[in-house]
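Have a look at the structure below before the remarks.
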Amino acid sequence: MTVLVTGGSGYIGSHTCLELLNAGYDVVVIDNLCNSSPKSLQRVEELAGGKHIPFYQADVRDRAALTKIFEEHTIDFVIHFAGLKAVGESVAKPLAYYDNNLNATMTLCDVMGSHGCKRIVFSSSATVYSGDNKMPLSETSKTGNCTNPYGWTKYMGEQILRDIAKADPEWSVCNLRYFNPVGAHESGLIGEDPKDIPNNLMPYISQTAIGRRDHLSVFGNDYDTPDGTGVRDYIHVVDLARGHVAALSYLQDHKGECIFNLGTGVGYSVLDMVHAFETANGVDVPYEIAPRRPGDLPTVYSSPEKSRQVLGWEATYSLEDMCRDTWHWQSLNPNGYQD
C-alpha cells in the first residue's frame, strides 16, 4: 500500500517516512521545502536500505501538483503534516497561517476525494485544547478557546475533516494530537533542523550547546509551576512516528473520525529539559530568562491511555534517550542538513 506524506521531508515527516518504509509501506512525498531539506529524504532512503521515495517539490495548495501525484500513483492513505507550526509566529502572522494551513487541508481533501482516496491521518496538536482544562488532557477534554492562530488552524483543520467524514461515510479520518516532539533517529542521520532561529525548545538547546547560539532564551519563569518555567509533555519523534503507523493500521478497519493523543503522560519544565540535556551529554547550556511568549500556557501534558488501549501504541523512549539522540544528531550535523 502507498502513503502520500505531505510535508514529508520535515522533522516529523522524515522520521515517519522511515517508519512507514520499515513497516512495508510505499511512500510518496510532497513538500515545498519552506522549512526542510531534501537531504532528509535521501538519508531516509539510505536508512531504509535504498528504498526509493518519489518526491514532488510543491505546495499542497497547488491543486495541479496534487492531481499529478494522484494520477501517477495509486494512493491508499494520506498523512498530512504540511503546515506552518510556530505558535509565536502565528500570533504575528495570522493570515499566513490561516491561508497556508486551512487552504492546504481543503485542497488536499478535495483532490483525495475526486481520486477515491478517503483515508487520512491529520497532524493535529495539543494546542486545540482549551486553556482552562485540568491536566492531564484526554481526548474528551474541552477544545476551542485556542490561545493562538496556530492552534485555531489545527482546531479548524480537525473540524473540516470531521465534517467530511460525517458527510461521506466512506471517509476514515484520524486526528492525531501531538504534544512536544523532540529527539532524533538513533543513527544521527536525520533530526530537527529548523531554518532561522528555532521556535521549539530542544533544537534551541542543542544549537546553544554546539555553539551556534550564545544562550537559550527561557520564555518566562513566573508561571505557576514548580520552577516557574513552562511544563510540557515531550515525546521522542520516533515514538511519534510509530504512532502514525499504528493509526494507519487502525484506519484500515474503521470508518468515520477518530482522535488520539500522542504523548508520554509526563510533564517536564523548560529547566528540567535543560538540566537533563546537560547531564545526559556532559555539556553546558547557558540560558537567560526572557519575557513570556504570547499564547503560551503554563502546563500542558497528556493522557495517552486511549492510544495505548485502542491503537496498542505507547511511548517507549525516556527523557535521557530524547536528550542523547538530539545531541547525537546535532554533534554529527553542527549546521543541520547544510553540513
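Side chains of L201 and Y234 form a contact here, defined as non-hydrogen atoms less than 4.5 Å apart. Considering only heavy atoms from C-beta on, N100 comes within 4.5 Å of D59 through its side chain. The shortest side-chain heavy-atom distance between K85 and Y150 falls under the 4.5 Å cut-off. Put simply, the side chain of L66 does not reach to within 4.5 Å of the side chain of R63, judged on heavy atoms. Side-chain atoms of I79 and T6, non-hydrogen and from C-beta on, never get closer than 4.5 Å to each other. Using a 4.5 Å cut-off on side-chain heavy atoms (C-beta onward), F260 and C174 make contact. A heavy-atom distance below 4.5 Å is found between the side chains of F55 and D31. Put simply, the side chain of D26 does not reach to within 4.5 Å of the side chain of M1, judged on heavy atoms.
Between R162 and E257 a salt bridge is recorded (basic side-chain N to carboxylate O distance below 4.0 Å). Ion pairing between a basic and an acidic side chain is recognised when a charged N comes within 4.0 Å of a carboxylate O; D222 and R292 show such pairing. Using a cutoff of 4.0 Å between basic side-chain nitrogens and carboxylate oxygens, R177 and E158 are scored as salt-bridged. Between E305 and R308 there is a salt bridge, since a side-chain N of the basic residue sits under 4.0 Å from a carboxylate O of the acidic one. Using a 4.0 Å cut-off between charged side-chain N and carboxylate O, R242 and E19 make a salt bridge.
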Decide yes or no on side-chain hydrogen bond (donor to acceptor under 3.5 Å, both in side chains) for Y129 and N261, but give the supporting numbers first.
CA-CA 11 Å; Y129 289 113; N261 286 338; 2.7 Å; yes

Using the side-chain contact (heavy atoms from CB on, under 4.5 Å) rule, take F179 and L262 through it: C-alpha gap first, then chi angles, then the decisive distance, then the call.
CA-CA 6 Å; F179 283 71; L262 294 183; 5.9 Å; no

Step-by-step side-chain contact (heavy atoms from CB on, under 4.5 Å) determination, D193 to N333
CA-CA 9 Å; D193 182 29; N333 306 271; over 6 Å; no

Stepwise, does the side-chain contact (heavy atoms from CB on, under 4.5 Å) test hold for C17 with V29?
CA-CA 9 Å; C17 286; V29 168; 3.7 Å; yes

side-chain hydrogen bond (donor to acceptor under 3.5 Å, both in side chains) assessment of S138 paired with S303
CA-CA 5 Å; S138 72; S303 168; over 6 Å; no

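Among residue pairs with one or both ends in residues 97-118, those qualifying as ring-ring contact (aromatic ring centres under 6.0 Å, His included) are F70-H115; sequence neighbours excluded.
Linking Ile, Leu, Val, Met, Phe, Trp and Tyr whenever their side-chain heavy atoms come within less than 4.5 Å puts I164 and V128 in one cluster. Note on L311 and I12: same hydrophobic cluster, where clusters join Ile, Leu, Val, Met, Phe, Trp and Tyr whose side-chain heavy atoms are under 4.5 Å apart, directly or indirectly.
A donor-acceptor distance shorter than 3.5 angstrom exists from the side chain of T326 to the backbone of G183, with no hydrogens or angles considered. N103 places no side-chain N or O within 3.5 Å of a backbone atom of R61 that could act as its donor or acceptor partner. Judged by distance alone, the side chain of T225 and the main-chain N or O of T229 form a donor-acceptor pair under 3.5 Å. In this structure a side-chain-to-backbone donor-acceptor pair under 3.5 Å is present from K39 to Y337. The closest donor-acceptor contact from the side chain of R119 to the backbone of L251 lies at 3.5 Å or more, if one exists at all. In terms of modelled atom types and a separation under 3.5 Å, the side chain of H236 and the main chain of V238 share a donor-acceptor contact. The closest donor-acceptor contact from the side chain of T107 to the backbone of A104 lies at 3.5 Å or more, if one exists at all. With hydrogens and angles disregarded, no donor-acceptor distance shorter than 3.5 Å links the side chain of N148 to the backbone of V87. For the pair D99 (side chain) and A96 (backbone), a donor-acceptor distance under 3.5 Å is absent. When atom types are taken as modelled, the side chain of E278 and the backbone of N281 share no donor-acceptor pair closer than 3.5 angstrom.
For the residue pair S14/S40, the side-chain donor-acceptor check at 3.5 Å is not satisfied. Checking Q57 against N32 by side-chain atom types alone, no donor-acceptor pair falls below 3.5 Å. Counting only N and O atoms by type, the side chains of N133 and S130 include no donor and acceptor under 3.5 Å apart. H215 and T208 share no side-chain donor-acceptor pair at under 3.5 Å. N145 and Y155 form no side-chain donor-acceptor contact under 3.5 Å, judged by distance and modelled atom types alone. Side chain to side chain, S124 and N175 fail the donor-acceptor criterion of an N or O pair below 3.5 Å.
Atom CD1 of I205 and atom CD of Q330 lie 11.5 Å apart (nearest 0.5 Å). The CG atom of L137 lies 9.0 Å from the CG atom of D233; values are rounded to the nearest 0.5 Å. Annotation: the span from K255 atom NZ to S172 atom OG amounts to 4.5 Å, rounded to 0.5 Å.
In this structure, W171 has its ring center at least 6.0 angstrom away from the ring center of F77. The aromatic ring centroids of H244 and Y178 lie less than 6.0 Å from each other.
H275 and Y287 have perpendicular rings, their planes meeting at more than 60° on a 0 to 90° scale where under 30° would count as parallel. Between H15 and H185, the ring-plane angle classifies as tilted under the 30° and 60° cut-offs.
Taking a 6.0 Å sphere around CD of Q309, one finds it holds more than 12 heavy atoms contributed by other residues, nucleotides or ligands. With a 6.0 Å radius and a threshold of 12 heavy atoms from other residues, nucleotides or ligands, K306 has its NZ atom above the threshold.
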